[in-house]
**Student:** 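Shown below is the structure under consideration.
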Amino acid sequence: MAGALEYRGPVPVDGVDVATMGQLPTAEAQATDTALYGDQVSTLRRTDAIWGETLSPGYLTVWATIASRSLAASVAKFCVYAVHNGLTGFDFGVYVGPDVSSLDRKVTVSGLSWIASAGMKSVNLGAVAVNRGDAVAFAGLTAGSGTAPRLASTTPATGAGASSLLNETPYSVYRSGQTAPLPTTLNLTDAAWTRANQKFWGSLR
């Protein structure tokens, strides 16, 4: 029949056969925190660390994650979102262990200068061995009666508390009445801890 349309199969679109388009990746490539900032292990993505969580005086606060890779960590990083005012002490520690019930302190830094200005803070670790699957924890403790600093973090999406599912939902715990120095070991499953609905950010590289 003259002028009739004739179907000849799938028509290529930009060089790709329509029949095979469903097999192509649909998500755009996204740069990771490792590629962007050098973070190797972190409690959450930096893009999620947009709010500020308070390190209240007298409360030892610990936030943890599970290492997704093995590395010899040389630097720990945390971010001060808002500075302190009138406090008398600040301590920050990095802990590593096979799980959150058996964490050993690897390094501690002290002094109000760490929380006197906003921005990213780098803590020299020397060389701390972290194995894939290890628990990595960051601890913060302030003292005094002034305005507590706020560290960069994100608020929980839903619910009345953070989940204990590490990595999928980073979590923090706290206990009151604490003073320096930071303990040499931590057991975050101990009943003395209270789970917080705060998700602090920290990283190793």
**Student:** Determine the minimum heavy-atom distance between Glu53 and Lys199, stating which atoms define it.
**Tutor:** OE2-N, 4.0 Å
**Student:** If you compare all heavy atoms of Pro183 against all heavy atoms of Leu186, which two are closest, and at what distance to 0.1 Å?
**Tutor:** CG-CD2, 3.5 Å
**Student:** Taking atom CG of Leu112 and atom OG1 of Thr88, what is their separation to the nearest 0.5 Å?
**Tutor:** 7.0 Å
**Student:** Working note: Leu204 + Leu125, criterion side-chain contact (heavy atoms from CB on, under 4.5 Å); need CA distance, chi angles, decisive distance, verdict.
**Tutor:** CA-CA 9 Å; Leu204 297 181; Leu125 302 177; 3.7 Å; yes
**Student:** Which atoms form the tightest heavy-atom contact between Leu71 and Arg205, and what is the distance?
**Tutor:** CD1-C, 3.9 Å
**Student:** Membership question, hydrophobic clusters at under 4.5 Å side-chain separation (ILVMFWY): are Trp201 and Tyr37 in the same one?
**Tutor:** no
**Student:** Does Thr43 reach the main-chain N or O of Phe200 with its side chain, forming a donor-acceptor pair under 3.5 Å?
**Tutor:** yes
**Student:** So, for Ser176 and Gln178, which heavy atoms are closest and what is the spacing to 0.1 Å?
**Tutor:** O-NE2, 2.9 Å
**Student:** Under a plain distance cut-off of 3.5 Å, with no hydrogens placed, do Ser101 and Asn187 share a side-chain donor-acceptor pair?
**Tutor:** no
**Student:** Any donor and acceptor pair, going by atom type alone, linking the side chain of Arg46 with main-chain N or O of Asp33 inside 3.5 Å?
**Tutor:** no
**Student:** Output the distance between atom CE (Met120) and atom OG (Ser203), rounded to the nearest 0.5 Å.
**Tutor:** 7.0 Å
**Student:** Which atoms form the tightest heavy-atom contact between Val75 and Ser122, and what is the distance?
**Tutor:** CG1-CB, 4.0 Å
**Student:** Going only through I, L, V, M, F, W and Y residues with side-chain contacts under 4.5 Å, is there a path from Tyr174 to Val100?
**Tutor:** no
**Student:** Do any side-chain atoms of residues 126-147 form donor-acceptor pairs under 3.5 angstrom with protein atoms, and if so which ones, sequence neighbours left out?
**Tutor:**
unit_1	atom_1	unit_2	atom_2	d
Asp134	OD2	Asn131	N	2.9
Thr142	OG1	Leu55	O	2.8
Thr142	OG1	Ser56	O	3.3

**Student:** What closest approach, in Å, do Val41 and Ser68 show between heavy atoms, and which atom pair accounts for it?
**Tutor:** CG2-N, 4.5 Å
**Student:** Could you tell me the separation between the CG atom of Asp39 and the CZ atom of Arg45, rounded to the nearest 0.5 Å?
**Tutor:** 12.5 Å
**Student:** In the single-linkage hydrophobic clustering (I, L, V, M, F, W, Y; side-chain heavy atoms under 4.5 Å), do Trp193 and Leu103 co-cluster?
**Tutor:** yes
**Student:** In terms of hydrophobic clusters joined by side-chain contacts under 4.5 Å, are Leu36 and Leu44 together?
**Tutor:** no
**Student:** Given Arg105 and Thr184, is the side-chain contact (heavy atoms from CB on, under 4.5 Å) satisfied, shown in steps?
**Tutor:** CA-CA 5 Å; Arg105 190 182 70 202; Thr184 57; 3.9 Å; yes
**Student:** Side-chain heavy atoms nearer than 4.5 Å, only ILVMFWY residues, links allowed to pass through others: does that put Trp63 and Tyr59 together?
**Tutor:** no
**Student:** Checking Thr32 side chain against Ala35 main chain: does a donor-acceptor pair fall under 3.5 Å?
**Tutor:** yes
**Student:** Among residues two or more places apart or on two chains, list those pairs meeting ring-ring contact (aromatic ring centres under 6.0 Å, His included) that have a residue in residues 81-134.
**Tutor:** Phe78-Phe92
